[in-house]
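All remarks here apply to the structure that follows.
From a predicted model like this one, the values you see are computed outputs, not experimental measurements. Computation of the quantities below employed the complete heavy-atom set of this structure, encompassing side-chain atoms and omitting hydrogens, waters and symmetry-equivalent molecules.
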Amino acid sequence: QMQLVESGGGLVQAGGSLRLSCAASGSIPSPTTMNWYRQAPGKQRELVASITSGGSRNYADSVKGRFTISRDNTKNTVYLQMDSLKPEDTAVYYCNFKRLALARYDYWGQGTQVTVSS
């Protein structure tokens with residue numbers, strides 16, 4: 001079965017940086033879209049960033065210019081580089097691998113806590 005393992009979360013001061021990683025347990029299909037979501041207490045889970053197999057990237061308005069999503073297909077890994085972190089970025093971050101053409105191909109990481117202090 002597919003398993004996504006996240007790492008890189010932690011506590012950081014405002015203005016600092018973190019890099020999240022999410023590695024799949026095995027090979028993944030090329031058409032897979034990789035996403036990062038986050039969920040803060042009392043809020044709905046929101047899509048933060050996504051990257052398609054072709055390298056097309058999209059970001060939530062709140063993180064544009066500060067976060068960068070990337071992927072390394074040889075390592076079956078997606079990254080989220082987070083710079084200029086703000087307290088509002090505090091949340092549990094989840095990676096997600098999805099294929100739109102195959103609804104059952106929808107996998108989630110366990111979540112990693114990111115806490116930004118002011």
Side-chain angles (χ1 to χ4, degrees):
Q1 64 177 6
M2 176 71 78
Q3 186 173 23
L4 306 182
V5 180
E6 300 183 36
S7 62
L11 175 64
V12 66
Q13 194 172 3
S17 298
L18 287 172
R19 191 191 193 202
L20 306 183
S21 299
C22 174
S25 59
S27 62
I28 59 173
S30 296
T32 300
T33 295
M34 301 178 180
N35 310 292
W36 285 98
Y37 289 78
R38 68 186 181 188
Q39 188 167 24
K43 295 185 177 181
Q44 295 278 11
R45 187 171 299 184
E46 66 171 339
L47 179 63
V48 176
S50 65
I51 182 169
T52 69
S53 60
S56 179
R57 297 170 171 85
N58 287 101
Y59 299 94
D61 289 341
S62 59
V63 306
K64 285 181 179 177
R66 300 188 298 116
F67 290 12
T68 304
I69 188 172
S70 61
R71 61 192 287 167
D72 185 341
N73 291 331
T74 66
K75 298 180 179 179
N76 304 317
T77 300
V78 62
Y79 304 94
L80 186 66
Q81 178 67 42
M82 305 185 294
D83 299 317
S84 302
L85 282 163
K86 304 175 180 179
E88 306 91 88
D89 297 318
T90 295
V92 178
Y93 284 71
Y94 300 89
C95 62
N96 167 248
F97 287 16
K98 184 178 295 182
R99 292 188 66 192
L100 296 180
L102 190 60
R104 64 185 177 87
Y105 193 97
D106 188 6
Y107 299 97
W108 293 83
Q110 81 280 6
T112 185
Q113 177 71 48
V114 172
T115 302
V116 184
S117 62
S118 60

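- Under a 3.5 Å cut-off, the side chain of Q13 and the backbone N or O of S117 do not form any donor-acceptor pair.
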* **Residues D89, R66; criterion side-chain contact (heavy atoms from CB on, under 4.5 Å); working and verdict** => CA-CA 11 Å; D89 297 318; R66 300 188 298 116; 2.7 Å; yes

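- Considering only heavy atoms from C-beta on, S62 stays 4.5 Å or farther from E88 through its side chain.
- Looking only at distances, a side-chain donor or acceptor of N76 sits under 3.5 Å from a matching main-chain atom of G26.
- Atoms CH2 and SG, from W36 and C22 in turn, are 5.0 Å apart once rounded to the nearest 0.5 Å.
- Between T90 and Q113 the shortest side-chain heavy-atom distance falls below 4.5 Å.
- The distance from the CG atom of L18 to the CD atom of Q81 is 8.5 Å, given to the nearest 0.5 Å.
- Listed here is the closest heavy atom pair of A60 and L47: CB-O, 3.6 Å.
- Here the shortest heavy-atom pairing between Y59 and F67 reads CE2-O, 3.3 Å.
- Cluster annotation: V92 and W108 are assigned to the same hydrophobic cluster (Ile/Leu/Val/Met/Phe/Trp/Tyr, side-chain heavy-atom contacts under 4.5 Å, transitive).
- Proximity of a side-chain donor or acceptor of R71 to a complementary backbone N or O of T52 within less than 3.5 Å is detected.
- Taking both residues in full, the closest heavy atoms of L20 and G9 are given as CD2-N, 3.6 Å, listed atom of the first, atom of the second, then distance.
- When the side chains of ILVMFWY residues are joined at heavy-atom separations under 4.5 Å, either directly or via intervening members, V114 and L80 end up in a single hydrophobic cluster.
- P87 and S118 make their closest contact through CG-CB, 3.8 Å (heavy atoms, listed as atom of the first residue, atom of the second, distance).
- For the atom pair OG1 (T32) and NZ (K98), the distance works out to 12.0 Å, reported to the nearest 0.5 Å.
- Y105 and Y94 fall into different hydrophobic clusters, where Ile, Leu, Val, Met, Phe, Trp and Tyr side chains are chained together by heavy-atom contacts under 4.5 Å.
- Nearest heavy atoms, V116 versus K86: CB-O, 3.3 Å.
- Of all non-hydrogen atoms in S70 and V78, the two that sit nearest each other are O-CG2, 3.2 Å.
- Residue I28 is not grouped with residue V5 when hydrophobic side chains (ILVMFWY) are merged at heavy-atom distances under 4.5 angstrom, including chains of intermediate members.
- Taken to the nearest 0.5 Å, the CG atom of D106 stands 11.0 Å off from the CE atom of M2.
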* Give the intermediate values and the outcome of side-chain contact (heavy atoms from CB on, under 4.5 Å) for residues E46 and R38. => CA-CA 6 Å; E46 66 171 339; R38 68 186 181 188; 2.8 Å; yes

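- S27 OG to N73 CG: the interatomic distance, rounded to the nearest 0.5 Å, is 11.0 Å.
- Not one N or O on the side chain of N35 forms a donor-acceptor pair closer than 3.5 Å with the backbone of C95.
- Atom OG of residue S50 and atom CE of residue M34 lie 12.0 Å apart, to the nearest 0.5 angstrom.
- Residues Y37 and L85 do not share a hydrophobic cluster, defined by chaining ILVMFWY side chains whose heavy atoms lie under 4.5 Å apart.
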